[in-house]
Amino acid sequence: MKDTVAQLLEAALASLADEGVLPKDQTFSPKVDNTKDKTHGDFATNVALAAAKAAGKPPRELAQLLVSRLPANTAVSKVEIAGPGFINFFMSDASSFAVVNTILAAGAAYGRNTSGQNESVQVEFVSANPTGPLHVGHGRGAAIGDCLCRLLEANGYRVTREFYYNDAGAQINNLGLSVQARAKGLTPEHESWPADGYRGDYITDVANSYMARETVTADDREVTGAGDADNLEAIQDFAVAYLRREQDLDLKAFGVEFDVYFLESSLYADGKVEATVNTLTENGYTYEQDGALWLRTIEFGDDKDRVMRKKEGGYTYFVPDVAYHLNKWQRGFTTVINEQGADHHSTVTRVRAGLQALKAGIPEGWPDYVLHQMVMVTRSGQEVKISKRAGSYVTLRDLIDEVGRDATRFFLAARRVDSQLTFDIDLARSQTNENPVYYIQYAHARICSVIRKLNELGIDKSAEAFAEHLDALGLDEERDIANKLAQYPELISNAAVLREPHHLTHYLRELAGQFHTYYNAHKVLVDDEQVRDGRVALYLAVRQVLVNGLELLGVSAPEEM
RNA sequence: GUCCCCGUAGCUCAGUAGGAUAGAGCGAGCGCCUCCUAAGCGCUAGGUCACAGGUUCGAUUCCUGUCGGGGACACCA
């Protein structure tokens, strides 16, 4: 419908250009907005304000001319000029409610589009190191990342979900030492406990499992505990596999699955790190100083050059990161999105600089980053900081166990990524209208309940048959709902393009709210069959959009509550 | 000290790439079940969009600065 309005305006603008009112060498593309205020109609455009200067006429006068040149169209019932020169469009009921037919015909496909043209997109998210259970921050990353993937798929992209993890290096060494200490019966209070060792209870679980020679499977690898507390290498291998499996169970409980698990160690094993360093050197972007090898990242906008190879040997972490991203590029992903915590902000410049210095034809500003801010968890108004298993932080599993997967996913995706998020456990657990998850799910369940009642009454028609009586609709609440439903495809597109999944949660909250208002004000199962059928059709359309939207969030749509 | 993000109603937050009188929800106050699920709905109250400049027909939105809150600033990952 918005397109229809835009086309009419294009035609009117072209007429005025022909008449010489508007300059021909300048094109004005009318921006058509959804109105905030119903008294402003369904759509509004500011094009008369924008073009007034070029036309040499006051905005309202230009608007008057534009309106007079608009081609006739049955979808538009009224056009008004308002305020400083806005043109407001009021749509006819028939065109407003036509969206119900569109939705019922498209079903699960409503809101989806093919703008991505099957382009392969890779989204890397979570990417936690295998040194412990996933924490809330990872949970936010998982919720945002997975929702973003689903949104991209809904826009016609082919998405690869990827999880990258560091399975070697200092942190893994530290993990091994911690498990070893536990295997030998030491506690964190003991004087020989490794400095900076991991103290959480889960370390004891790993140690016990290792000593009991259990077998764990993770990332298609199978590792059996050697049961030897002196074999540090075996302990490390086992601990990594064990904790990766733990994280996978957390993610599974959260409803998130990855296509690729990428090991940092593979970049070394395959010579990719060495090759990257060689290319950077050949391209003249490195130099030796103080016994270390440096990369001239300043040339690519960094504050200072960065060390690649340390004095005592070994590469700094961003070198394999650059190799990893080159690998992504070589795998053919022209669009790559990295979803990470904002504490990784400093890596962005370095990785991009390294990629530019490779001169591999990678565009500047590649890859994309979506960085989310911190998460704080509260209960009874107090910040919660620790969990029993992990010791120093709240785990994702804690939340899922306590408030459920649906509420956890919804809450963690419901805020703009660049603002800090307060996760209120009491709110997420509450089963009242103040909890948006239940509120939305309840709207869906209510519709299902009405349909069940309909069946009990012996009325069992197809959605299309109900929709034959859309002309019986015309209440304000009904028009509002239809307009809201019509905005859904645009929302799906915007949320993906802007990489802002939180819009989806707000949209669903609003749609559910409009539905509840309507439900309370007007009965659907009325004696007038035409009115009843029209309303049922609208109900079915609302249900379809709720289902489609919740699906993109990874939140269930229960039929009863 | 440098860089990044945030600052909108008592609280939690939206604000769709500059638009019309800034919106929801919760909380507060008052109402609504002989009626398809009250896990719901209606009404009322509540604002200097942190502050100061700038850009322009117009700024919560863009730019600069100040003040608050958070984060990042390793030859750690």
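Predicted model only: the values in this text are computed from it and were never measured.
Nucleotides B/G69 and B/U8 have their C1' atoms positioned 15 Å apart, rounded to a whole Å. Only the P atoms considered, B/A14 is 24 Å distant from B/A52, to the nearest whole Å. Taking atom C1' in both B/U48 and B/G1, the straight-line distance is 33 Å, to the nearest Å. Taking the C1' atoms as reference points, B/A59 lies 16 Å from B/C51, given to the whole Å.
Every residue meeting the side-chain contact (heavy atoms from CB on, under 4.5 Å) condition with A/His138, not counting sequence neighbours, appears here in chain and number order: A/Val126, A/Ala128, A/Leu134, A/His135. Partners of A/Phe43 according to the ring-ring contact (aromatic ring centres under 6.0 Å, His included) rule, which considers only residues two or more places apart in sequence or in another chain, do not exist here. Residues satisfying the side-chain contact (heavy atoms from CB on, under 4.5 Å) criterion with A/Thr286, sequence neighbours excluded, are A/Leu280, A/Thr281, A/Leu293, A/Leu295, A/Met308. Residues satisfying the side-chain contact (heavy atoms from CB on, under 4.5 Å) test with A/Glu500, not counting sequence neighbours, are A/Leu498, A/His502, A/His503. Every residue two or more places apart in sequence or in another chain that forms a ring-ring contact (aromatic ring centres under 6.0 Å, His included) with A/His516 is listed here: A/Tyr439, A/Tyr442.
Contacts between residues 484-503 of chain A and RNA chain B, defined by a heavy-atom separation below 4.0 Å, involve A/Asn494, A/His502, A/His503, listed by number. Of the residues in residues 36-52 of chain A, those with a non-hydrogen atom less than 4.0 angstrom from any atom of RNA chain B are A/Lys36, A/His40, A/Ala44, A/Asn46, A/Leu49.
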For residues 407-415 of chain A, run the donor-acceptor check on the side chains, cut-off 3.5 Å, and write out each pair with its distance to 0.1 Å, sequence neighbours left out.
from	atom 1	to	atom 2	distance (Å)
A/Thr408	OG1	A/Gly404	O	2.6
A/Arg409	NE	A/Leu553	O	3.0
A/Arg409	NH1	A/Phe254	O	2.8
A/Arg409	NH1	A/Gly255	O	3.1
A/Arg409	NH2	A/Asp146	OD2	2.5

Output side-chain donor-acceptor pairs under 3.5 Å for residues 375-385 of chain A, partner residues at least two apart or in another chain, one line each.
from	atom 1	to	atom 2	distance (Å)
A/Arg379	NH1	A/Glu402	OE1	3.3
A/Arg379	NH1	A/Glu402	OE2	2.6
A/Arg379	NH2	A/Glu402	OE1	3.4

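In this structure, a donor-acceptor pair under 3.5 Å is absent between the side chains of A/Tyr488 and A/Gln544.
No aromatic stack links A/Phe86 and the base of B/G19, using centre distance under 5.5 Å and interplanar angle under 30°.
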**Report entry** Watson-Crick and G-U pairing of RNA chain B written in dot-bracket, each distance under 3.5 angstrom, with | for inter-strand partners
**Finding:** (((((((..((((.....[...)))).(((((.......))))).....(((((..]....))))))))))))....
Distances under 3.5 Å between nitrogen or oxygen atoms of protein and nucleotides 69-73 of chain B:
from	atom 1	to	atom 2	distance (Å)
B/G69	N2	A/Gln420	NE2	3.3
B/A72	O2'	A/Ser346	OG	3.4

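At the heavy-atom level, A/Glu434 lies under 4.0 Å from the strands shown only through sugar-phosphate atoms.
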Requested in this report: Would you mind building the protein contact string for nucleotides 42-50 of chain B? One character per nucleotide, 5' to 3', B for base within reach (heavy atoms under 4.0 Å), S for sugar-phosphate only, - for untouched.
Outcome: S--------
